Amino acid sequence: MKKKLMVLGMSAAIVMGGVFLPSSDGMANAVQAASEGIHSQSEGKIAKKFNENRAYQTIYHLSETIGPRVTGTQAEKKSAAFIASQMKKSNLKVSTQTFSIPDRLEGTLTVRGNELPARPASGSAPTSDKGLTAPLYDAGLGLPGDFTEEAKGKIAVILRGDLSFYEKAKNAENAGAAGVIIYNNVDSLVPLTPNLSGNTTGIPVVGVKKEDGENLLTEQEATLKLKSFPNQTSQNVIGVRKAKGVKHPDIVYVTSHYDSVPEAPGANDNASGTSVVLELARITKNIPADKEIRFITFGAEEIGLVGSRYYVSKLSNREIERSTANFNLDMVGTSWENASQLYINTPDGSENLIWQLSKNAATSIGKNVLSLRKGGSSDHVPFYEAGIDSANFIWMEPGTESLEPWYHTPFDTIEHISKDRLKTAGQIAGTAVYDLVEKEERRAQ
Ligand code: BES
Ligand code: ZN
């Protein structure tokens, strides 16, 4: 990392003074000076080219024409093929990296002939084909003391809170319960999806909405049917723009995830970030760069950053050493009025290279909407864990740092996309990337 920051520091010295003076400043100052010194070079160039209508069309195709893009499904594969074809038009060297994912589950919960919306927990056991029909048992919060002999062979209905989902499910399994339904403790538009934090259970586990769980407490029995889809795969789509004439160049990653949660068209989460990645690939087609840019859209983010973890795990040590920065775009197009601040989430909250460059980019194009925040929950995390400066761009409500109310619901649609917000995020990220990769001799001119 040090070496790369020094390179930037040197170019700043050239820009500002015409002579090279080795700097004894701190590295953060070097980055700041460097990006301040060069922003005027790129000012406008990239920002003017960003076409929000093209980005919008990409979101339309992914979220409306294709629809929900659940990890491992045909819709996810179709999306990957679409993204690859778009990347090819931008003269990138495109490849698709396939990897296996944990068995996917689909399920139903039926009570007195009525189907209730329920979500299988990832890591849950499936049921037999005819399903599990059993009496219901009110197991409170699912503490060990909440289970008596009575719980044996029944479906435990457990309220969310106090314990982890896995602890609740495990306590039920240990008590001899045949299945678990966890209900939310807050109202929600969609059923709760219990996350077993990478663990598995020997009994089926699903989540439901608060009101459905409360109603279940007055019912006698229910039928749970969970079907497992084994041997599924997902894929990352990788488009590389080589640095012409540079041997072993530094590498800059511009990334997003293109999968969605079940039933969500995922217009904002995250066709929006994907549309910006594709647009940045298009508008950097002919730029003179001395760094390699890898435009990558990941699959399987929504089941726990599986695509990006796989990608980073396959990088060689040499590639990691050459890796300078990861700009990740996840949820950059919401029209939710309250989400007026563009947050730069760094996994440790630090003012890293991405923050410095983005801050200067925002200033240079006159859009002072940025705020630094500590935040993970997206594909920048594996890059950070490999020692690469990384950050996620995301619009949120200032102060509360809330996301739009329709996040992860069927209402995450194209109607809730703002071209203006897309454009601002794209222009800032694009300008920052440009400042980082532009050929040094050009910067000095
Ligand atoms: N885009 C979302 C959420 C998000 C929220 C990203 C705040 C960045 C900041 C992302 O796709 C998501 O839903 N992430 C999961 C965690 C992930 C590890 C499965 C989440 O936040 O629940
Ligand atoms: Zn997302």
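Since the structure is predicted, the reported quantities are computational estimates derived from the model, not experimental observations. Just follow the structure's listing: the first ligand is 1, and inside any ligand the first atom is 1.
At most 12 non-hydrogen atoms from other residues, nucleotides or ligands lie less than 6.0 angstrom from NZ of Lys78. For Phe99, the CZ atom counts as densely surrounded, since its 6.0 Å shell holds more than 12 non-hydrogen atoms of other residues, nucleotides or ligands.
Among residue pairs with one or both ends in residues 330-348, none qualify as salt bridge (Lys or Arg N to Asp or Glu O under 4.0 Å); sequence neighbours excluded.
The distance between the ring centers of His416 and Phe411 does not fall below 6.0 angstrom. Here the two rings, on Phe383 and Tyr253, have centers that are under 6.0 Å apart.
For the pair Lys210 and Tyr183, the cation-pi criterion (under 6.0 Å, within 45° of the ring axis) is not fulfilled. By the 6.0 Å and 45° rule, Lys227 stacks over the aromatic ring of Phe229.
Of the candidates Asp269, Val261, Asn268, Asp269 brings a heavy atom nearest to atom 2 (C) of ligand 1.
Among the backbone and side-chain atoms of Asp330, an N/O/S atom is found under 2.8 Å from the Zn ion (ligand 2).
Listed by number with element, the atoms of ligand 1 under 4.0 Å from a non-hydrogen atom of Leu305 are 18 (C). For ligand 1, the atoms sitting less than 4.0 Å from at least one non-hydrogen atom of Asn392 are 8 (C), numbered in the order shown with element in parentheses. Heavy-atom proximity to Glu301, at under 4.0 Å, picks out these atoms of ligand 1: 10 (C), 11 (O), 12 (C), 14 (N), 19 (C). Ligand-side atoms of ligand 1 in range of Asn345: 9 (C), range being under 4.0 angstrom from any heavy atom. The distance from ligand 1 to the heavy atoms of Asp330 drops below 4.0 Å at these ligand atoms: 1 (N), 2 (C), 6 (C), 10 (C), 11 (O).
In terms of polar-atom proximity, defined here as any N/O pair under 3.5 Å, Glu302 does make such a contact with ligand 1.
Ligand 1 is never approached by Gly375 to a heavy-atom distance shorter than 4.0 Å. The closest approach between Asn270 and ligand 1 stays at or above 4.0 Å for every heavy atom of the residue. Using 4.0 Å as the threshold, Tyr343 has no heavy atom nearer than that to any atom of ligand 1.
In this structure, Ile287 and Ile283 approach most closely via the heavy-atom pair CG2-O, 4.2 Å. Here the closest non-hydrogen pair linking Asp269 and Asp412 is N-OD2, 3.1 Å.
When non-hydrogen atoms are compared, ligand 1 lies under 4.0 Å from the side chain of His257 (C-beta onward) but not from its backbone. Only side-chain heavy atoms of His408 come within less than 4.0 Å of ligand 1; its backbone N, CA, C and O stay farther off.
Sorting the N, O or S atoms of His257 by how far they are from the Zn ion (ligand 2) puts NE2 first. Taking the N/O/S atoms of Asp269 in turn, the shortest distance to the Zn ion (ligand 2) belongs to OD1.
Inter-residue side-chain proximity for Glu263 and Val190 is flagged as unmet; no heavy-atom pair is nearer than 4.5 Å.
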